[in-house]
Structure formats: C-alpha cells, structure tokens
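This report concerns only the one structure given below.
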Amino acid sequence: MATVTFDKVSIRYPGAERPTVQDLDLEIADGEFLVLVGPSGCGKSTTLRALAGLEPVDSGHLLIDGKDVTGVEPGDRDIAMVFQNYALYPHLSVAKNMGFALKLAKMPQSEIRQRVQNAAEMLGLEEFLDRKPKDLSGGQRQRVAMGRAIVRDPKVFLMDEPLSNLDAKLRVQTRAELAALQRRLGTTTVYVTHDQVEAMTMGDRVAVLKDGILQQVAPPRELYDAPVNEFVAGFIGSPSMNLFPGDGLTLGVRPEAMRVVADGQVPDGWVSREGIVDLVEELGSESYVYASSEGVRLVARLAEQDVPPRGAPVTFAFDPAQAHRFDPSSGNRL
Ligand SMILES: Nc1ncnc2c1ncn2[C@@H]1O[C@H](COP(=O)(O)OP(=O)(O)OP(=O)(O)O)[C@@H](O)[C@H]1O
Ligand SMILES: [Mg+2]
C-alpha cells in the first residue's frame, strides 16, 4: 500500500506544440481508488504511463509512498498495470499467465502456485487455470488480467480502460466487482476511463482532465453538486446539464431540476422557456424529454408516466435559486 503524488508534472511529446500533461498536481491517498476521467485525447493514458515509468516526464516529480520515482525504471516502481487489451500471452495457460511476472522475478515455484491459487479463488477463475486465453470469454480474460496484477501484490494498481472490451451488461457487473475487490485488497489504484458513469460509480475521488490540465478532483457527489466550471458541469452527468448563457451569468440546470409545466403555471420567480419536443428517450423508470427553444437544446428528466410526445409544445421551467452559476467569460463557477 502506498500514497501517490504528482508534483507539477508536465509531459510534452517531441514535436508537439503544447504539453500533453501540464503542471499536474495530484495527491492520492493510501488505499484510495482514484479515477482519471476526461474526453478522448485529454492525456489520461499519458498520465498513467508516466506514473508507470513508460513515458518520460519533462518537469516535475512523481512519488510513490513518498519516494521520488521520477527516474526509476518501470520494473523497480512496484506497480502493476492492467491494460485495455489485457495483453495476455496466447500460448500460456491462465495459471502461467498469472504467474509470469513472479517467475521472471525468480520467486520460488511453491509461492507462485500459492499466490496464483489465492488470486484465482478471489476472481472465480479456479476452474480455468489450465485453459489458454483463447478458450475464455471476454469477461474471464479480463479477470485473468486482473489476476496477473493481483498476484504481484504491488504498491499501486494502474488500470487503463480495463473494462472497455466488455459488452454493456458485463461491464456494469464487472465494474461493481472490481470496485469491491479493490476495497477488499486496499491497494491504491489509479484507474483511467473516458466514461463518466464508470468514474462516478467506482472512484473514491474523480479527477477530471481537459487538454492535459486538471480541472477538478473531488468525490463523485461533490463533482456533481458543485462542478468548478462549465466543462466539468457538462462532462459529469448524463444527459448534460442545461446551460443558459446570459450577460453577466450563465445558469446551469440539471435535467432533474428542469420541470415541464402546463401553460400559465410557471411558479413565481422561476425562469421558463417554451419549445417543441423533438426527442423523447423512454428508459422505463424515467424519461428524458428534449426540446429546442430559441436555438438552445433543453432536456428535462421526468419520473411520471405522462410524457409529452414528439412535436408537442412544452413549457420548461426551473427555479433560478437552485441553478448553478458560472462566469460567462471564464466558465468558472461563481
Ligand atoms: N507517443 C506519442 N507521441 C506523440 N503524441 C502522442 C503520443 N501518445 C499520445 N500522444 C498524443 O497525446 C494526447 C493525449 O493522448 P492520451 O493517449 O494520453 O489520451 P487519452 O486521454 O488516454 O485518450 P483516449 O481516451 O482516447 O484513450 C493525444 O493528443 C495523442 O495524440
Ligand atoms: Mg487512453
């Protein structure tokens, strides 16, 4: 177990006009599950690879357990990485795949067998230990990749989109299992995803990156309730927050805070907009109603059964006292 510190870390690829990661300051607590999230190309994998020692850092320092590892070889950082493609050896059995790194490290056979056995039990892989990766399902392969990291008992787990090859249902199930497993092991984990739902459901804290710059790091609830700027407000939450640009102020309203009201029934002091429904997403337990109004797309989440149909005129209304407030020029929270 260990803490992880990014201390003003910048990384610039040769020939790039600006750093891919810029002045990153981030302190990850012992045993914490920290998720790095952001749009494609924002520098998540680069950040993780730098921590693993696979990308050189241009300036700043990386610390694991308080020790400066900035110049330390990847193999000497005591980390284990799980990649998106799992990178299993096709010609080796599950057991041999899981024990491979231990064998390289010249650990005694009996100890390797014990560790592989323990990890296999934890992951429900006992009956597959003699199989080759090609004879496993995607979910089982994913668990072998996890097992390979677990047997090493590293200080830190690094995971880069480890669930993205799974179908939607298995992904939801696996993300809950993986989060529970991490809590049981108590191993400090840095987890990369572009999926904000994954980030919100798995992380103790979530760090949001945009263009290589850390926007906010906070527990999921805080990120949702108090986004520091319009970018975080729009990125976290699905469908995205409604934004009403004004002169001195941009108001942000979550879909669940937006009401659909009958004509002439707008509560005192509320802001209203009229529009035409152009899309209804019926999810069973709730519905999302989209309408265009004065060139802006609005969305409301409705829990009730009576949802206005496509083409219907609607009045959307919200209480401005409950809205998020942003500075229109900087986009920062006011
Ligand atoms: N070896 C490289 N040389 C030059 N540029 C690179 C290299 N690797 C990545 N980049 C660039 O750095 C930026 C960040 O890449 P990175 O892989 O970290 O993004 P990401 O946030 O992980 O995105 P994704 O969600 O698509 O995986 C991208 O613009 C990418 O093109
Ligand atoms: Mg990536």
Side-chain angles (χ1 to χ4, degrees), residues 4-26 28 33-62 69-71 73-74 77 79-88 138 141-142 145-146 148-149 156-168 171-172 174-175 178 182 189-203 205-218 220 223 227-238 240:
V4 171
T5 306
F6 289 85
D7 178 13
K8 292 248 167 316
V9 169
S10 291
I11 303 158
R12 185 196 290 256
Y13 286 112
E17 39 186 86
R18 55 174 189 79
T20 291
V21 176
Q22 204 174 328
D23 291 331
L24 177 63
D25 277 324
L26 186 56
I28 303 167
F33 196 121
L34 187 283
V35 180
L36 265 180
V37 72
S40 184
C42 72
K44 306 179 293 293
S45 295
T46 302
T47 303
L48 202 68
R49 289 171 55 79
L51 182 55
L54 303 171
E55 284 314 330
V57 159
D58 287 283
S59 59
H61 295 272
L62 290 162
V69 296
T70 317
E73 288 295 314
R77 293 193 184 194
I79 47 118
M81 197 151 173
V82 181
F83 296 95
Q84 175 176 354
N85 61 11
Y86 315 147
L88 302 177
R141 273 179 225 159
Q142 200 283 327
M146 273 303 297
R148 199 173 42 179
V156 186
F157 288 136
L158 305 183
M159 304 189 191
D160 194 347
E161 311 248 9
L163 306 184
S164 54
N165 285 335
L166 307 180
D167 68 49
R171 205 176 156 143
V172 171
T174 310
R175 86 178 177 222
L178 204 157
Q182 189 274 344
T189 300
V190 187
Y191 184 104
V192 161
T193 180
H194 64 275
D195 180 342
Q196 56 97 16
V197 177
E198 212 166 280
M200 295 289 278
T201 53
M202 296 180 84
R205 285 188 306 157
V206 177
V208 183
L209 271 185
K210 177 188 177 236
D211 299 335
I213 297 171
L214 181 64
Q215 307 289 304
Q216 184 170 10
V217 52
L223 217 52
V228 291
N229 58 31
E230 281 182 35
F231 176 79
V232 175
F235 190 76
I236 299 294
S238 175
S240 284

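All heavy atoms count here, side chains included; hydrogens, waters and symmetry mates do not. Here, residue 1 is the first one in the sequence, and each next residue gets the next number. Atoms within a ligand are numbered from 1 in the order they appear, just like the ligands themselves.
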*Please check if a non-hydrogen protein atom sits closer than 4.0 Å to atom 7 (C) of ligand 1.*
yes

*asked:* Would you say atom 10 (N) of ligand 1 makes contact with the protein, given that contact here means a non-hydrogen protein atom less than 4.0 Å away?
replied: yes

At what distance is the nearest protein heavy atom to [atom], and which residue and atom is it?
| atom | value |
| --- | --- |
| atom 17 (O) of ligand 1 | Ser45 CB, 3.7 Å |
| atom 5 (N) of ligand 1 | Tyr13 CD1, 3.3 Å |
| atom 29 (O) of ligand 1 | Gly41 O, 4.0 Å |
| atom 18 (O) of ligand 1 | Thr46 OG1, 2.5 Å |

Under 3.5 Å, is there a donor on one side chain and an acceptor on the other for [X] and [Y]?
| X | Y | answer |
| --- | --- | --- |
| Tyr191 | Gln182 | no |
| Thr20 | Arg12 | no |
| Ser45 | Asp160 | yes |
| Ser10 | Gln22 | no |
| Gln142 | Asn165 | no |

*asked:* For ligand 1 and Ser40, I'd like to know whether there is a polar contact (N/O to N/O, distance under 3.5 Å).
replied: yes

_Min heavy-atom dist Gly43 to ligand 1 below 4.0 Å_ = yes

_Less than 4.0 Å is my threshold; does some heavy atom of Gly38 fall inside it relative to ligand 1?_
no

*Pick whichever of Arg49, Lys210, Lys44 has a heavy atom sitting closest to atom 25 (O) of ligand 1.*
Lys44

_If the cut-off is 4.0 Å to any non-hydrogen atom of Thr20, which atoms of ligand 1 fall inside it?_
12 (O), 13 (C), 14 (C)

*Taking C-beta and beyond as the side chain, do Thr201 and Arg175 meet within less than 4.5 Å on heavy atoms?*
yes

*Quick one: pull up CG in Leu214 and CZ in Phe6 and give me the separation to the nearest 0.5 Å.*
10.0 Å

*At what distance, to the nearest 0.5 angstrom, does NE2 of His61 lie from OG1 of Thr5?*
12.0 Å

*asked:* Under 2.8 Å from the Mg ion (ligand 2), can any N, O or S atom of Ser45 be found?
replied: yes

